[in-house]
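Throughout, residue positions are numbered sequentially from 1 according to the sequence presented.
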Amino acid sequence: MSPEPRPLPLSGITVLDLGQIYQGPYAGFLLAMAGARVIKVEQTRGEPLRARGDSISYAALNSSKETITLDLKSEAGREMFLGLAEKADVVLVNFAPGVPENLGIDADSLWKVNPKLVFAHASGFGLSGPDSTQTAMDITVQAHMGPMSVTGHPDQPPVKAGVAFIDFLGGTHLYGGIVTALFEAQKTGVGRIVETSMAEATYHTLCSNMLSWHQTGVAPRTGNKHAALGVAPYDVYQCSDGHIALISVTNRHWRAVLEVIGRPDLLDEPRFRHNTDRAMNMDEVDELVQGWTSTRERDQVASQLSDAGVPVAVVRELDEVVRDSHLINREFLQWIDHDALGEIPLPHSPIRFHGSPLRELEIFHGVGEDNESIFGEFLGLTPQEVANRRDQGII
């Protein structure tokens, strides 16, 4: 007999998610998919990501959360929030430093009603230091921390990454910090502040570029080549109907490439024998590979190289990614029908807990949709009292 399914590890944990845009909401989403009850607390008109109405971006980050609204700048709204925090385990924010204190919902204020609460604060540059008050968005942190300077081609200006990777790095680190602090709070009954910095979460992504900087004093833009120009072949190569990305990390990979492209005669060629040799003769290596790929279809190229054990992938468009059979088979991508948005692909968490079924993806709730049920459960308010607060603009 197979064992009974286990609850998800964060079942029984309640999170008040005040996150906005990407960083905070992504941490809240990961907590929800790990089993936590996540209550999204928005300003009365909804958080900024709702400014243009319902969107697939909002849907991807706020599945399986309950949704309430509160005017935290009002004394009544603050008091209501304290009542919610008294029964919660985590409060999550990605406000600018100082905002929780100004609103009276900082950790010290909340610990007066709930000393075991974990207060998680994500920001651009951290809660201390000379840059702590600097406004931060994904693109500005890419510029400030170096990724933009090493992205693009050497004869062109720096460019940002095509995806908002720093926001999601920040959210991932925030999730890790929250779970770590929850582990301690469950043992000791004492909460703590957990903070993450988008800038600091970015630094480790520069490891390959640091290699070049340490050896030569500069970290150039290298297009699609290795950041330290230390690996060949390593690039995006043209095919007859698109592109493939290829990297040959080891000599074994290189030998496999030569066999596939029909050039085993070069197996003992001194210019290509070791990776350092190939890196010094990078243009010739790329010519060899490009000469073979350019006359063949990308799927054929990728299939032959992959079957030979070479790290390779087709450069796919987003329309191909959202229909990926592997991701759909694993139930990571799930196509869900939404009244306003139509049929949309929603992602699950990339974290799996074996022994527990995946939490069902529940489409995001409307602004304040759960006001009556949450305020009734947590604060004992009647439907009429909730309606009165709505009329007063508190919710």
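- In terms of hydrophobic clustering, with Ile, Leu, Val, Met, Phe, Trp and Tyr side chains grouped at heavy-atom distances under 4.5 Å, Leu117 and Val15 are assigned to different clusters.
- Between Phe29 and Tyr26, the ring-plane angle classifies as parallel under the 30° and 60° cut-offs.
- Here Glu42 pairs with Arg50 under the salt bridge (charged side-chain N to carboxylate O under 4.0 Å, His left out) rule; sequence neighbours left out.
- A salt bridge does not link Glu269 with Arg255: every distance from a Lys NZ or Arg NE/NH1/NH2 to an Asp or Glu carboxylate oxygen is 4.0 Å or more.
- In this structure, the side chain of Asn281 engages the main chain of Asp277 through a donor-acceptor pair within 3.5 Å.
- Note on Asp71 versus Lys73: no salt bridge recorded, every NZ/NE/NH1/NH2 to OD/OE distance being 4.0 Å or above.
- In the model, His243 has a side-chain atom that pairs as donor or acceptor with a side-chain atom of Gln238 under 3.5 Å.
- Under 3.5 Å, the side chains of Asp138 and Gln142 contain a donor-acceptor pair of N or O atoms.
- The side chain to side chain contact (heavy atoms under 4.5 Å, CB included) search around Ala313 returns none, not counting sequence neighbours.
- With contacts defined as side-chain heavy-atom distances shorter than 4.5 Å, the pair Phe364/Thr67 does not qualify.
- Applying the under-4.5 Å side-chain rule to Ile, Leu, Val, Met, Phe, Trp and Tyr, the cluster around Leu211 consists of that residue alone.
- Gln300 pairs by the side chain to side chain donor-acceptor pair (under 3.5 Å) definition with Gln304, not counting sequence neighbours.
- Atom CD1 of Ile139 is surrounded by 12 or fewer heavy atoms from other residues, nucleotides or ligands within 6.0 Å.
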Distance-only check: which donor-acceptor pairs under 3.5 Å involve side-chain atoms of residues 372-382, not counting sequence neighbours?
| residue | atom | partner | partner atom | Å |
| --- | --- | --- | --- | --- |
| Ser373 | OG | Asp370 | O | 3.2 |
| Glu377 | OE1 | Arg37 | NH1 | 3.3 |
| Glu377 | OE1 | Arg37 | NH2 | 2.7 |
| Glu377 | OE2 | Arg37 | NH1 | 2.8 |
| Thr382 | OG1 | Glu385 | N | 3.1 |
| Thr382 | OG1 | Glu385 | OE1 | 3.4 |

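- A donor-acceptor pair under 3.5 Å links the side-chain atoms of Arg221 to the main chain of Ser149, judged by distance alone.
- For Arg6, the CZ atom sits in a loose shell: 12 or fewer heavy atoms of surrounding residues, nucleotides or ligands are nearer than 6.0 Å.
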Could you list the donor-acceptor pairs under 3.5 angstrom formed by side chains in residues 88-95, with sequence neighbours left out?
| residue | atom | partner | partner atom | Å |
| --- | --- | --- | --- | --- |
| Asp89 | OD2 | Thr14 | N | 2.8 |
| Asn94 | OD1 | Gln20 | N | 2.8 |
| Asn94 | ND2 | Gln20 | O | 3.1 |

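- Leu246 CG to Tyr234 OH: the interatomic distance, rounded to the nearest 0.5 Å, is 11.0 Å.
- For His326 and Phe332, the gap between ring centers reaches or exceeds 6.0 Å.
- Here the side chain of Ser197 pairs a donor or acceptor atom with the backbone of Gly124 at under 3.5 angstrom.
- Proximity of a side-chain donor or acceptor of Thr216 to a complementary backbone N or O of Trp213 within less than 3.5 Å is not detected.
- A distance of 9.0 Å separates NE2 of His153 from OG1 of Thr222, quoted to the nearest 0.5 Å.
- The existence of a salt bridge linking Lys65 and Asp17 is confirmed by a sub-4.0 Å separation between a basic side-chain nitrogen and an acidic carboxylate oxygen.
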